[in-house]
Amino acid sequence: MLSVQDIHTYYRDSYILQGVSLEVRPGQVVGLLGRNGAGKTTLARSVMGLTPPRRGRILFKNVDITRAPAHRIARMGIGLVPQGRQVFKSLTVKEHLEVTTRGEGGWTYDRIVELFPNLRERLRSFAGTLSGGEQQMLAAGRALAGNPTLIIMDEPTEGLAPLMVRELGRALRSLKRAGTSVLLIEQQLAFALRHADVIFIMSKGQIVHRCAPAELAADADIKSRYLGV
Ligand SMILES: Nc1ncnc2c1ncn2[C@@H]1O[C@H](COP(=O)(O)OP(=O)(O)OP(=O)(O)O)[C@@H](O)[C@H]1O
Ligand SMILES: [Mg+2]
């Protein structure tokens, strides 16, 4: 589905991703963990075509997307739920979902509000008036409206109350049942361990460890070395 092969990404002179490789298989939830500044968001930006890598290759459904423009990558079926949600404060919930609804079948407007019942009650509210959790659901709903087959969620639980984290977990399980692949970037170890099929750990712009969630749960050394827990 997604194959990131030895990519090297820079912001001007800053050398950030230093040879990153990672795979997401169809229907898989891949957890990507790492401390602040490890390069997780830069990886998401590289895949989406927002900050393309200078070296290496990215394949999506066997098509080379390394230097494709961001709008084309989105149209091919990769959705991004950006870090910090980035909803449009002066658009309503309904407007967010209508503006982006695209493609055939799959995630229709009705199915999206079914997945996130909180949004249904707030359809006419401006996004800026929603709680952090509701904004997160809206950002996820907006990404789904593009009917992605792979969705990249960049720290979706950041700053959410425990009840909202549970809601998000429920939505993630529905996505998985619907066959959507997920690249789940997380700082909340417990959430990643609960939902991911496989875990990659990033440190200083490199993938330093790859394992099953149960293995990581039992590995105090890796957890303290790379995640500070
Ligand atoms: N636009 C930018 N210009 C220059 N450097 C940047 C830019 N964005 C990020 N960086 C740097 O790139 C490195 C990786 O940042 P990145 O945002 O990818 O980390 P992250 O793992 O997502 O961290 P966090 O968990 O805090 O979101 C950091 O050293 C950061 O300071
Ligand atoms: Mg980040």
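When a ligand or atom number is given, it counts from 1 through the structure's own listing order. This chain uses plain numbering: 1 for the first residue, then up along the sequence.
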- prompt: If you draw a 6.0 Å radius around CZ in F126, do more than 12 non-hydrogen atoms from other residues or ligands fall strictly inside?
  reply: no
message: Please find the pair of heavy atoms, one from A139 and one from R85, that lie closest to each other, and give the distance.
response: CB-O, 3.8 Å
- prompt: Does the shortest distance from the Mg ion (ligand 2) to an N/O/S atom of N36 fall below 2.8 Å?
  reply: no
message: Please work out, at 4.0 Å between heavy atoms, whether the side chain, the backbone, both, or neither of R35 comes within that distance of ligand 1.
response: backbone
query: Is atom 31 (O) of ligand 1 in close reach of the protein, with a heavy atom under 4.0 Å away?
result: no
- request: Just do the side chain to side chain donor-acceptor pair (under 3.5 Å) check on T41 and Q83 with the steps written out, would you?
  value: CA-CA 8 Å; T41 296; Q83 186 165 14; 2.7 Å; yes
message: More than 12 heavy atoms of other residues, nucleotides or ligands under 6.0 Å from CG of N62: yes or no?
response: no
statement: If you scan protein heavy atoms around atom 15 (O) of ligand 1, the nearest is T42 OG1, 3.8 Å
field: Region of Q187 engaging ligand 1 - heavy atom pairs below 4.0 Å
entry: side chain
task: Name the closest protein heavy atom to atom 23 (O) of ligand 1, giving the residue it belongs to and the distance to 0.1 Å.
output: G37 N, 2.8 Å
query: If you measure from each non-hydrogen atom of T41 to ligand 1, which part falls under 4.0 Å: side chain, backbone, both or neither?
result: both
task: Would you indicate whether R35, at its atom CZ, is surrounded by more than 12 heavy atoms from other residues, nucleotides or ligands within a distance under 6.0 Å?
output: yes
task: Scan the protein's non-hydrogen atoms and note whether one is under 4.0 Å from atom 4 (C) of ligand 1.
output: yes
- request: Check whether any N or O atom of G39, backbone or side chain, sits under 3.5 Å from an N or O atom of ligand 1, and answer yes or no.
  value: yes
task: Compute whether any side-chain donor of one residue and acceptor of the other, for E23 and S3, lie under 3.5 angstrom apart.
output: yes
query: Against heavy atoms of E155, which atoms of ligand 1 measure under 4.0 Å?
result: 24 (P), 25 (O), 27 (O)
task: Step through the shown structure and confirm whether more than 12 heavy atoms of other residues, nucleotides or ligands are within 6.0 Å of CZ on R25.
output: no
message: Would you say T42 and T9 are linked by a side-chain donor-acceptor pair, where the criterion is simply a distance under 3.5 Å?
response: no
field: Proximal ligand 1 atoms for N36, defined as those under 4.0 Å from one of its heavy atoms
entry: 23 (O), 24 (P), 25 (O), 26 (O)
Residue and atom name of the nearest protein heavy atom (relative to atom 11 (C) of ligand 1), distance in Å to one decimal: I16 CD1, 3.9 Å
query: Does NZ belonging to K61 count more than 12 external heavy atoms closer than 6.0 Å?
result: yes
- prompt: Quick check: does Q83 have an N/O/S atom under 2.8 Å of the Mg ion (ligand 2)?
  reply: yes
query: Can you list the ligand 1 atoms lying under 4.0 Å from a non-hydrogen atom of Q83?
result: 27 (O)
query: Starting from atom 9 (C) of ligand 1, which protein heavy atom do you reach first, and at what distance in Å?
result: Y11 CE1, 3.5 Å
message: Counting only heavy atoms closer than 4.0 Å, does ligand 1 sit against the backbone of R12, its side chain, both, or neither?
response: neither
task: State whether a side-chain donor-acceptor pair under 3.5 Å links Y15 with H8.
output: yes
